[in-house]
Amino acid sequence: MKKKITVSKWDVAEILHNESDYAGYLAAAFEDGDPAIIRKAMANVARAQNMSAIARNMGISARGLYKMLAEGGNPEFSSVQKFLGAIGVRMSIVPAATGSGELKRMVA
C-alpha cells in the first residue's frame, strides 16, 4: 500500500523576521533583475511586516501600497526607495561580476 503524502503551501513571509532577513531576500531579488520578481519580493516583505505601517511610513495609503505591489504593479523608483526606507533597509550599488569596467570606459 502506498503511503499518503501531505504537503502544505510554503509562505516565504513566515521566515522574514527582521531587517537583515528583508535585506538579504530583496538583495537576491534585485540581483536577479526581473522587475516582476523584485515586485513580488517587496510584496512578500510587506506581508511579513505590516502593510499599513509601511504605507504610513511611505506617506501613502495602504490601498496604494497594495496596488503598487499587486501583480502587474510597476512601482516607480522613488516608491521603491521609500519602501526600502520604510522597512529599515537601504540599497547599495556594487560592481557586477562581469563587465564591471565597461561603463567606466563608456563615460570616460
Subject >> Linked, directly or transitively: Val12 and Ile37 (ILVMFWY side chains, under 4.5 Å) >> reply: no
Would you tabulate the side-chain donor-acceptor contacts of residues 40-56 under 3.5 Å, counting partners in other chains and residues two or more places apart, or write 'none'?
residue, atom, partner, partner atom, Å
Asn44, OD1, Arg47, NH2, 3.0
Asn44, ND2, Tyr25, OH, 2.7
Asn44, ND2, Lys40, O, 3.4
Arg47, NH1, Asp11, OD1, 3.3
Arg47, NH1, Asp11, OD2, 3.0
Arg47, NH2, Asp11, OD1, 2.7
Asn50, OD1, Ser52, N, 3.0
Asn50, OD1, Ala53, N, 2.9

Run the side-chain donor-acceptor check on residues 67-96: report pairs under 3.5 Å with partners two or more places apart or on a different chain.
none

